[in-house]
Chemist: 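So that we are looking at the same thing, I have put the structure below in structure tokens.
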Amino acid sequence: MTPIREHIYRALVESGQPLGAYELLETMKGVGSQKPPTVYRTLDWLTKMGLVRRVASLSKFVARHAGDDCDDVAYLLCRNCGQARVVDIAPFGQVLSETAQSLNFKQEDIVIEVTGLCDRKDCRDPLS
């Protein structure tokens, strides 16, 4: 892996939350070309290699971790702290795929994003 790819992947792993291209660009001081196209090309490559996932609603990316080999996932996105948890939804994804197939729909991808509040103390709803 090139130093730029490694740097961007490591930044996503260490962040623990989704990061956008410009946030990643800010981390690149002294690491290769510091231009948006470089970051976008790197994110595209990392996505194709299965090392990162795109969180569409946020236009941001999260790192895939060891053991994260499921293809059908949902993102649990905390609207307060920005944390993104990835959950395996394989059984639900299979039902969606079968439904699409029965309707002669050519499925390309399944992305489910759920927004709310995570279990961190400062993220809990004060009224509950």
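This structure is a prediction, so every number in the text was calculated from the model and none was measured. Heads up: numbering here begins at 1 and tracks the sequence.
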Chemist: Could you tell me whether the side chain of H7 and the main chain of L24 form a donor-acceptor pair under 3.5 Å?
Modeler: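 Side chain of H7 to backbone of L24, a donor-acceptor pair under 3.5 Å: no, none is there.
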Chemist: Any non-hydrogen side-chain atom of R53 less than 4.5 Å from a side-chain atom of V62?
Modeler: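 A side-chain contact under 4.5 Å exists here.
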Chemist: Does the side chain of F61 come within less than 4.5 Å of V55's, by heavy atoms?
Modeler: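 In short, these two side chains do not touch, never coming nearer than 4.5 Å.
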Chemist: Okay, side chain of S15, backbone of L12: is any donor-acceptor separation there less than 3.5 Å?
Modeler: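 No; judged by distance alone, with no hydrogens or angles, the pair does not exist.
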Chemist: Considering all heavy atoms of both residues, which atom of Q17 and which atom of C81 are nearest to each other, and what is their separation?
Modeler: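 Looks like OE1-O, 3.2 Å.
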Chemist: Does some side-chain heavy atom of R54 sit less than 4.5 Å from a side-chain heavy atom of S59?
Modeler: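 The answer is yes, as the side chains (C-beta and beyond) meet within the 4.5 Å cut-off.
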Chemist: To the nearest 0.5 Å, how far apart are CZ in R79 and CG in L117?
Modeler: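 Interatomic distance, R79 CZ to L117 CG, rounded to 0.5 Å: 4.0 Å.
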Chemist: List the atom of A11, the atom of T27, and the distance in Å for their closest heavy-atom pair.
Modeler: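 Looking at all heavy atoms of both residues, the closest pair is CB-OG1, 4.2 Å.
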Chemist: What pair of heavy atoms forms the shortest contact from C123 to C78, and how long is it?
Modeler: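 Nearest pair, atom of C123 first, then C78: SG-SG, 3.7 Å.
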Chemist: Drop me the distance from N80's CG to C118's SG, to the nearest 0.5 angstrom.
Modeler: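 Rounded to the nearest 0.5 Å, the CG-SG separation comes out at 7.5 Å.
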Chemist: How would you list, by chain and number, every residue that makes a side-chain hydrogen bond (donor to acceptor under 3.5 Å, both in side chains) with S57, sequence neighbours excluded?
Modeler: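 For S57, the residues satisfying side-chain hydrogen bond (donor to acceptor under 3.5 Å, both in side chains) (neighbours in sequence not counted) are E113.
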Chemist: Distance-only criterion, 3.5 Å: show the donor-acceptor pairs between side-chain atoms of residues 85-98 and protein atoms not counting sequence neighbours.
Modeler:
unit_1, atom_1, unit_2, atom_2, d
R85, NH2, D119, OD1, 2.7
D88, OD1, A90, N, 2.8
Q94, NE2, E98, OE2, 3.0
S97, OG, G93, O, 3.0
S97, OG, Q107, OE1, 2.9
S97, OG, Q107, NE2, 3.3

Chemist: Supply the atom-to-atom distance Y9 OH to E14 CD, rounded to the nearest 0.5 angstrom.
Modeler: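 Nearest 0.5 Å value for the OH-CD distance: 11.0 Å.
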Chemist: List the atom of M1, the atom of L51, and the distance in Å for their closest heavy-atom pair.
Modeler: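 Closest heavy-atom pair between M1 and L51: CE-CD1, 3.9 Å.
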Chemist: Do the non-hydrogen side-chain atoms of M28 and I4 ever get within less than 4.5 Å of each other?
Modeler: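 A side-chain contact under 4.5 Å exists here.
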Chemist: Donor-acceptor pairs under 3.5 Å, side chain of residues 35-44 to any protein atom, not counting sequence neighbours: which ones?
Modeler:
unit_1, atom_1, unit_2, atom_2, d
T38, OG1, S33, OG, 3.1
T42, OG1, T38, O, 2.8
D44, OD2, K48, NZ, 3.2

Chemist: Between CZ of R120 and CD of Q83, what distance do you get to the nearest 0.5 Å?
Modeler: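 Those atoms lie 7.0 Å apart.
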Chemist: Does some side-chain heavy atom of L46 sit less than 4.5 Å from a side-chain heavy atom of I8?
Modeler: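 SC-SC contact between I8 and L46 confirmed.
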